[in-house]
Every structure is written in C-alpha cells, then in structure tokens.
Amino acid sequence: MKIIINDYTGYAFPYELSLALAVMGHEVFHCYCTSINIPQGKIESASNLKAIPIALSSRIKKTSFVSRLFLEREYGKKSAEVIKEVKPDIVISGNMPIGAQELIVKVCKSESVKLIHWWQDVYGLAVEKILSKKMGFIGKLIGNIYINKEKWCIRNSNAIIGITPDFRQILADWDIKTQFFLIQNWAPIKQIPTESKYNSWSIKNIDTSKFNIIYSGTLSMKHNPDTIIALSKELKSNLEIHIVIVSQGEAADYILKTKESEDIKNITILPFQKYEMLPKVLAAADCLLVLLEAEASQFSVPSKILAYSCSARPVLACMPSDNLSSVIIESNNFGYSFNNDDVAGLANCIRMLSHNSEVKTQLGDNGRRYAEETFNIETIAAQFLGVIDYCMSESNEMIVNH
C-alpha cells in the first residue's frame, strides 16, 4: 500500500512506525513540521520511505494564538498538497492541530482517500481550558468552536486510533460512532540505550556529583512550572540535590525568570539538546520528572515517561493518579506518582531515593524491563496494519481486537 503518516510534531516514535511499515514493503511518506520549537527525532528518507519536511512561512510561537492559528492552517494546506500529489491509499494523521486536521479531512474526502485520526490529545478541550482562563466567556466560546471542529474531524475519519482508553468516554459523551482502536504510544527503545550517569554530555553540562532530578522535553503551562519552583523550595536545604530542566519556551522562560528574581540556587535550565544526545541526557539523571496539571489530565497523556523508562532511571510523576501515565508508572513499578498538591510528598520521595541506591536501581531496572517487553515495533506496526486493513475493507467489518 501507499501510506502517508503525517506527524505534525516530528517525534521519533511515529517515524519508527514509518520505518517499520517501509521495511514490511509498503511505500511510506512521512510528513512533519520543521517550524515548531519542540525536540524532534532524526527523520530521514530510507528504502520505501520518503521523508517530507514541511516548513512554514515563519516559526510557530505558542504564545501568539492568532499567528499560530494561521500557521497551523498553512500546515494543513501544505499537507493537503502532499496528499493530492502522492495519492495515497490511506493517511494516518497524528499530533495534528485541529485547524490543520480539518483541511486534511476535507482533502481526503474529496480525493477518496481513507483517513485514520491518530488521537494523541483532545485538542478542542485543551483550547477551551486554556482560552477560558485567559479570556473568560469569549475564550469558552472559541473553545467550543474548536471542540465542534474536532468532533467533525473525527466523525469524518474512517477510524480512530486512541492512545488511552479514557478517550472512549469522550467519544460517548460526544455521541460519535467512528470505530475506535486502542494503541498506546511507545518509545523507540533501540535509539535509547542505557548509559552511565558519567558520560560526555553530563560531564560537560551538569554537576555529576549532585543527585540530579531531570525534566527533559516539551514544557508548557499545562505542565504547571510552578510545581518545579515549589519543589526547588522544598529541597533547598538538601544541598546534594539539584533540578535540571532541559527545555525551551514560555514555561522554561518563566522558571528562569523566577530563578533569577528569587535567587534560586538548585535549578539549572538548559535548552533542547540534539536528539542523538537524548540517551546521555536521560542517563545523567538520578531520577526523571514528569508533570501535568490536574485539569489537563482529561485531554492529555504525557508520553515522555515512555522514553524515560528506556533509560533505566526512576520516574517521578506529579499528576492525577488516574492519568494513563501515572497508571503505567505505578503498575509496572518503575517510579512513583503524586497528586498535584503533594509537592512535599514528591520531595520526601526524592530525599529517600537520594539515600537508597538499591531502590533507585530496582525502579530503573523495572522501567527498562517494561520498555523491552512492550515497545516491540514489529508488533506495534502489525496493530496499525490491522486498523489500516479495517479501513480499506469495503464493508469496514471489524477484523482486529480493539
């Protein structure tokens, strides 16, 4: 088959899926945006696989809603042009802003191309939450427009691949009957080998004599950067413990500004690193941190815990206990999860780990074992092919477990 995988974000794991499908003999086109300020994987063409980087007229700034809106539409238009040119059998569209997804749905309908909505976040609910905070009633109205657009996109897709079973309830609430398949996210484990804490990156960039808590990756306001500030204050008397943030953007800038204004000593902020450095960055940690605001838990599942698990380091989450990421951490015993208001409990856990290397090592080993048992890309690709076969069958009869 001729398949387009359009991953707006350019993350490493969708590209691994494209590679696997190409190895299986399918002709794959992998589209992604090069104008966003997030850590992206190393994406390049290979046998049966053509990488299609899509550059926009300017870089997207998350803090500028209006310009971002137009640029996301531009991405949708350029994606539509690719679909018209390639004429694929099917498109898998994921991590896609609704403005762009709307245009992709329309071109797939007009060109009679099957479409799978790879549902990573409930975009409309996220917009409603964010704009309601900033703009009150008007923001809620705008958010409702986006929710209705998201509903339309899903209803007009041939199937949905959702990353958490929690999305089923949202579909029920929205009275949407589009067939739902559950395929949880993963991390490209072959690209994230375990490494020593004392490696070329850590020696150059951080104080390896400290017990380092590292947050690596996208950090936005929905992750609540105030949690990091509060944690630093809880730990300020523990001179051997240090927090390292590897990120960029509004939330990272906010932490830096607060660090400087309040003279906080136990936080270091570094910019995004090259993807090839990711194993060394994660290995530099004594434990790894993931955050998510309680109200964002309804529409978002932080997948960074999956890359974290590959590194054989304990993962500490500050988010609702019923979020899928928290459930995965706790049920596979590779870290601990704390409610958003329990920063003191999180700090006490860090203190315990800093003096208990056996527990730290065991948690890390459990995480790596979970990754090795779960992130088999051939198995995952077969699941995606099952959904593709469902969409391509004329009767759309169920042929895979979901």
Side-chain angles (χ1 to χ4, degrees), residues 1-34 40-54 78-96 104-105 107-109 111-120 157-163 179-192 275 303 306 310 371-402:
M1 282 181 290
K2 189 182 286 188
I3 303 168
I4 288 179
I5 294 184
N6 195 336
D7 171 47
Y8 173 77
T9 53
Y11 287 149
F13 72 94
Y15 175 67
E16 186 184 37
L17 172 63
S18 290
L19 278 174
L21 294 174
V23 168
M24 292 175 176
H26 301 284
E27 188 178 2
V28 183
F29 299 81
H30 190 94
C31 303
Y32 64 102
C33 183
T34 61
Q40 296 182 310
K42 184 179 181 180
I43 299 173
E44 55 192 5
S45 295
S47 179
N48 289 339
L49 170 59
K50 182 178 181 180
I52 304 178
I54 297 178
K78 291 189 173 184
S79 295
E81 291 169 3
V82 172
I83 293 168
K84 288 180 180 179
E85 180 182 346
V86 170
K87 301 186 187 309
D89 297 299
I90 195 161
V91 173
I92 302 174
S93 183
N95 286 306
M96 194 67 60
I104 290 170
V105 173
V107 75
C108 285
K109 287 172 69 68
E111 299 290 319
S112 298
V113 174
K114 302 287 188 179
L115 174 65
I116 295 173
H117 187 98
W118 192 0
W119 209 11
Q120 296 280 338
S157 298
N158 296 92
I160 307 161
I161 292 176
I163 66 169
Q179 189 63 55
F180 178 91
F181 298 84
L182 175 64
I183 303 178
Q184 293 181 5
N185 282 348
W186 68 97
I189 187 169
K190 294 176 183 177
Q191 298 176 25
I192 312 176
Y275 181 73
S303 292
L306 306 175
C310 297
E372 290 174 348
E373 292 174 353
T374 309
F375 303 156
N376 184 296
I377 190 58
E378 289 77 19
T379 301
I380 294 165
Q383 290 180 287
F384 274 83
L385 283 175
V387 182
I388 290 172
D389 288 344
Y390 164 81
C391 294
M392 299 305 295
S393 64
E394 289 186 5
S395 60
N396 271 7
E397 290 177 351
M398 181 61 61
I399 61 172
V400 295
N401 295 323
H402 66 281

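Only heavy atoms go into these numbers, but all of them, side chains included; no hydrogens, no water, no symmetry mates. This one's a predicted model, so the numbers in the text were calculated from it and none came from an experiment.
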### Query
Under 3.5 Å, is there a donor-acceptor pair between the side chain of Asp89 and the main chain of Lys2?
yes
### Task
Determine yes or no for a side-chain-to-main-chain donor-acceptor pair under 3.5 angstrom, with Tyr390 supplying the side chain and Asn158 the backbone.
no
### Query
How long is the gap from OH on Tyr8 to CG on Asn95, to the nearest 0.5 Å?
10.0 Å
#### Entry: Test log, rule side chain to side chain contact (heavy atoms under 4.5 Å, CB included), inputs Leu17 and Trp186
CA-CA 10 Å; Leu17 172 63; Trp186 68 97; 3.9 Å; yes
### Query
Nearest heavy-atom pair of Gln40 and Thr9: which atoms, and what distance?
NE2-O, 2.8 Å
### Query
Around atom NZ of Lys78, are there more than 12 heavy atoms of other residues, nucleotides or ligands at under 6.0 Å?
yes
### Query
So which heavy atom on His117 is nearest to which on Ser157, and how close?
CB-OG, 3.6 Å
### Query
Would you say Ser45's side chain and Ala51's backbone share a donor-acceptor pair under 3.5 angstrom?
yes
### Query
Looking only at heavy atoms, which two atoms of Phe375 and Ile189 are closest? And how far apart?
O-CG2, 4.0 Å
### Task
Quick one: list whatever passes side-chain hydrogen bond (donor to acceptor under 3.5 Å, both in side chains) with Thr379, sequence neighbours left out.
Asn376
### Query
Nearest heavy-atom pair of Leu115 and Ser93: which atoms, and what distance?
CD1-CB, 4.1 Å
### Query
Do the non-hydrogen side-chain atoms of Tyr15 and Glu44 ever get within less than 4.5 Å of each other?
yes
### Message
Take a 6.0 Å sphere around CD of Glu85 and say whether it holds more than 12 heavy atoms from other residues, nucleotides or ligands.
### Response
no
## Note on the structure
Between Ile163 and Leu182 the two heavy atoms that sit nearest each other are C-CD1, 3.7 Å
### Query
Which distance, rounded to the nearest 0.5 Å, do you find between the CG of Asn185 and the CD1 of Ile161?
10.5 Å
### Message
For a 4.5 angstrom cut-off between non-hydrogen side-chain atoms, does Thr374 reach Leu306?
### Response
no
Side-chain donor-acceptor distances from residues 19-34 under 3.5 Å, at least two apart:
residue	atom	partner	partner atom	Å
His26	ND1	Met1	N	3.2
His30	ND1	Ser18	OG	2.6
Thr34	OG1	Ile54	O	3.4

### Query
Rounded to the nearest 0.5 Å, how far apart are CD1 of Ile92 and NZ of Lys114?
14.0 Å
### Query
How long is the span from the NZ atom in Lys190 to the SG atom in Cys310, to the nearest 0.5 Å?
12.0 Å
### Task
Measure the spacing between CG of Asn6 and CE of Met96 and express it to the nearest 0.5 Å.
3.5 Å
### Task
Supply the atom-to-atom distance Ile3 CD1 to Phe384 CZ, rounded to the nearest 0.5 angstrom.
11.0 Å
